[in-house]
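Every heavy atom of this structure was used, including side-chain atoms; hydrogens, water molecules and symmetry mates were not.
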Amino acid sequence: EGKEVILIGINGRYNLFLPQINCTCGKTWSIGMGDLAESGYWPATVNFETLYAVDLFTTYEDLKITAPGMSRQAFVSMLEHRTKLFGRSGKICGDTLQKSFLEWTHATFEVERLSQVQHFQCPSCAPSMLAVAVDGNRKLYRFKSQPGP
C-alpha cells in the first residue's frame, strides 16, 4: 500500500491507496503528480490527498452549459448520493470541487493558448473550419469586439 488518497469521480467518492512498488534492489517507486495528470486525474491539494477524475470536470462543464440553473451543491449532492448508492461513505467538499474545477479550466485554457489553438480566427470557408454558422461569418464581429486574448 502506498499513500492514502480520496478519489472523486462521476460515481462519487472512493478511499484508495496509490500504488507503490518496492524492488528487490531496495529502490522504491511511488506515483507522482506527472503520472496522475497523464492518467487523467487532477489534484485538489498540493500533496494530492484528494484527486478528481478529469471526466468529472468535463461532465460538470457540460451540465453547466446544458442546465445552467443547476447549482454546484446539487451536483455535489448527486455525487454524494452515488457514493452511498455504490456502498461507500464520505462527504465531498463543494468548495474544493469548485476551486479545482476553476484551476483545471484555467490550465486547459493556457494549454490551448500555448498550443496556439485559435478557435475564432479562421473564416468559416477555411478547410480547417471548426463550426458552420447560418450567416457564414461565425459571429466573428461579436468575438472581435470583446476584450481579452
K.L.:
Can you check whether Asp95 reaches Arg72 side chain to side chain, under 4.5 Å on heavy atoms?
P.N.:
yes
K.L.:
Are Leu16 and Trp29 co-members of a hydrophobic cluster defined by side-chain heavy atoms under 4.5 Å apart?
P.N.:
yes
K.L.:
Judged by atom type as modelled, is there a donor-acceptor pair below 3.5 Å linking the side chain of Glu80 to the main-chain atoms of Ile92?
P.N.:
yes
K.L.:
Considering only heavy atoms from C-beta outward, does the side chain of Gln20 approach that of Asn22 to under 4.5 Å?
P.N.:
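Yes - at least one pair of side-chain heavy atoms lies under 4.5 Å apart.
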K.L.:
According to a 4.5 Å side-chain heavy-atom criterion applied to Ile, Leu, Val, Met, Phe, Trp and Tyr, with indirect links allowed, do Trp104 and Leu97 form part of one hydrophobic cluster?
P.N.:
yes
K.L.:
Could you tell me whether Tyr52 and Trp42 have their ring centroids closer than 6.0 angstrom?
P.N.:
no
K.L.:
Taking the side chain as every heavy atom from C-beta outward, state whether Lys3 and Ser30 have any pair of such atoms under 4.5 Å apart.
P.N.:
no
K.L.:
Kindly determine whether Lys64 and Glu61 satisfy salt bridge (charged side-chain N to carboxylate O under 4.0 Å, His left out), including the steps that lead there.
P.N.:
CA-CA 5 Å; Lys64 286 179 61 154; Glu61 188 173 44; over 6 Å; no
K.L.:
Rounded to the nearest 0.5 Å, what's the gap from CG on Asp35 to CZ on Phe48? Could you check?
P.N.:
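Rounded to the nearest 0.5 Å, the CG-CZ separation comes to 8.5 Å.
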K.L.:
So Leu18 and Leu36, do their side chains get closer than 4.5 Å, heavy atoms only?
P.N.:
yes
K.L.:
For residues Ile6 and Tyr14, determine if any side-chain heavy atom of one lies less than 4.5 Å from a side-chain heavy atom of the other.
P.N.:
no
K.L.:
For residues Ile8 and Leu56, determine if any side-chain heavy atom of one lies less than 4.5 Å from a side-chain heavy atom of the other.
P.N.:
yes
K.L.:
Ignoring hydrogens and angles, tell me if any N or O in the side chain of Thr50 forms a donor-acceptor pair with the backbone of Thr45 under 3.5 Å.
P.N.:
no
K.L.:
Step by step, would you call Ile21 with Thr28 a side chain to side chain contact (heavy atoms under 4.5 Å, CB included)?
P.N.:
CA-CA 6 Å; Ile21 299 172; Thr28 301; over 6 Å; no
K.L.:
What about the rings of Phe101 and Tyr60, do their centers lie closer together than 6.0 Å?
P.N.:
yes
K.L.:
Set out, in order, the CA-CA distance, both residues' side-chain angles and the distance that settles side chain to side chain contact (heavy atoms under 4.5 Å, CB included) for Lys84 and His81, then state yes or no.
P.N.:
CA-CA 5 Å; Lys84 290 177 187 172; His81 175 71; 5.6 Å; no
K.L.:
If the condition is side chain to side chain donor-acceptor pair (under 3.5 Å), which residues does Glu103 pass it with, not counting sequence neighbours?
P.N.:
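Checked Glu103 against side chain to side chain donor-acceptor pair (under 3.5 Å); zero matches.
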K.L.:
Do Val5 and Glu49 have side chains that approach each other closer than 4.5 Å (heavy atoms only, starting at C-beta)?
P.N.:
no
K.L.:
Given Tyr41, which of Val54, Leu7, Asp55 fulfils the side chain to side chain contact (heavy atoms under 4.5 Å, CB included) condition?
P.N.:
Leu7
K.L.:
According to side chain to side chain donor-acceptor pair (under 3.5 Å), who are the partners of Arg88, at least two apart in sequence or on a separate chain?
P.N.:
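Checked Arg88 against side chain to side chain donor-acceptor pair (under 3.5 Å); zero matches.
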K.L.:
Working to the nearest 0.5 angstrom, can you tell me the gap between Met70 CE and Ile65 CD1?
P.N.:
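Rounded to the nearest 0.5 Å, the CE-CD1 separation comes to 11.0 Å.
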